[in-house]
Amino acid sequence: MAEILPPAKAETILVSQPVQELVIDGDQLPERYICKENDRGIIDASVPLIEIPVIDLSLLTNSSSTGRQELDKLQSALSSWGCFQAVNHGMASSLLDEVREVTKQFFALPVEEKQKYSRAADDIEGYGNDMVLSEHQTLDWTDRVYLLVNPEEQRKLKYWPENPKTFRDILHEYSTKLRLITELLLKAMARSLNLEEESFLKQYGQQAKVYARFNFYPQCPRPDLVLGLKPHADGSAITILLQDKEVEGLQILKDDQWVRVPIVPHALLVNVGDQVEIMSNGIYKSPVHRVLTNSERERISVAMFCSPDPEKEIEPVGELVNDNRPQLYKKVKNYVAAYFQYYQQWKRPIDAVKI
Ligand SMILES: O=C(O)CCC(=O)C(=O)O
Ligand SMILES: [Fe+2]
């Protein structure tokens with residue numbers, strides 16, 4: 001089985017100041033947020049805005065030819081983009097708006113109130129921001145709340161905001177509904193590759209770990225020098241992202257070009273994470289993406305990272321390995337544990353498990 005970097009040692013995880021509280025003096029940005037020339041490529045907010053494939057989830061379970069066509073569209077979206085905008089997902093737009101609203105309300109609270117939920121130095125959950133693993137690390141222009149939502153009995157409620165009052169109930173409702181969507185998607189992804197429908201779900205397991213990340217990107221005086229999130233691909237099986245309804249910022253690397261992801265207010269942006277790339281033997285791509293900052297407006301997003309049970313071994317599904325397509329990835333377990341260290345070093349953890 002592949003050995004990837006061991007989990008970070010507790011003492012190396014430091015807590016840094018909220019970005020929202022930084023006192024910015026004119027254009028004087030703290031050095032630690034400025035991307036180094038050779039790391040950042042060009043930070044350009046005016047790259048093309050390109051339609052991302054749209055998939056109607058209500059058709060994916062349909063056994064008619066329309067259902068097959070939608071599965072073919074899914075197959076094409078995930079092999080060329082690694083992501084799509086999911087519509088007709090069965091969730092009311094009012095719930096999506098409530099999720100956005102509680103996120104904004106939480107970040108608008110006074111800092112002392114938010115700090116009641118601060119991440120402890122040796123934990124990954126809670127209110128805070130980047131784990132600082134080295135003094136050379138370029139920091140992201142974002143504050144966040146990171147919470148395990150599934151398995152339910154592992155939730156750490158001490159980190160779950162009670163202000164705004166509806167935060168916990170809304171997150172519970174949202175994550176319960178997303179669980180069904182995740183299962184539907186993993187089955188559809190298998191069927192889209194003509195596999196038995198449980199092929200991915202079997203590896204995903206019953207004790208899958210789902211983390212919610214509420215991202216808040218404050219206004220930034222130098223969007224040309226600073227990134228909201230550095231380029232990365234997600235370590236999940238799949239990620240379901242709720243974007244801000246008004247403020248753009250997400251970009252995806254498509255055929256080596258950055259493109260802007262448009263806002264579709266009632267859609268959920270689904271992207272493949274590294275673990276579905278592994279399970280699909282590289283047919284489905286875990287796309288590299290980044291977030292830009294904005295000098296005029298703050299932005300929020302809510303990402304749900306759906307990851308296999310860490311006790312389960314993940315490997316390319318047997319039917320997808322053959323003479324024409326040899327096995328491209330080793331068997332791995334608890335992939336997410338090593339993920340953050342690679343991210344902070346601008347590296348892709350999936351490279352460590354390639355054969
Ligand atoms: O804010 C966004 O649109 C993307 C967030 C993201 O990529 C992440 O949290 O991993
Ligand atoms: Fe991401």
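First listed ligand is number 1; within each ligand, the first listed atom is number 1.
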- Query: Is it true that a side-chain atom of His232 and a backbone atom of Lys230 form a donor plus acceptor pair closer than 3.5 Å?
  - Reply: yes
- Ordered by chain then number, the protein residues lying under 4.0 Å from ligand 1 by heavy atom are Arg213, Asn215, Tyr217, Leu229, His232, Asp234, Leu241, Leu250, His289, Val291, Arg299, Ser301, Ala303, Phe305
- Query: Under the 6.0 Å and 45° cation-pi test, does Lys254 pair with Trp81?
  - Reply: yes
- Task: Using modelled atom types only, decide if a donor and an acceptor are shared between the side chain of Lys285 and the backbone of Gly282 within a distance under 3.5 Å.
- Result: yes
- Task: Give a yes-or-no answer on whether the side chains of Asp244 and Ser301 include a donor-acceptor pair shorter than 3.5 Å.
- Result: no
- Item | Any donor-acceptor N or O pair under 3.5 Å, side chains Lys312, Gln207 | no
- Between Tyr127 and Phe106, how do the two ring planes meet: parallel, tilted or perpendicular, split at 30° and 60°? perpendicular
- Strictly under 6.0 Å, is that where the ring centroids of Phe167 and Phe214 end up? yes
- Anything protein N/O/S under 2.8 Å from the Fe ion (ligand 2)? Just list residue and atom, please. His232 NE2, Asp234 OD1, His289 NE2
- With a cut-off of 6.0 Å (strictly less than), are more than 12 heavy atoms of other residues, nucleotides or ligands near NZ of Lys156? yes
- Fit a plane to each ring of Trp141 and Tyr33, take the angle between them on a 0 to 90° scale, and name the class: parallel (under 30°), tilted (30 to 60°) or perpendicular (over 60°). perpendicular
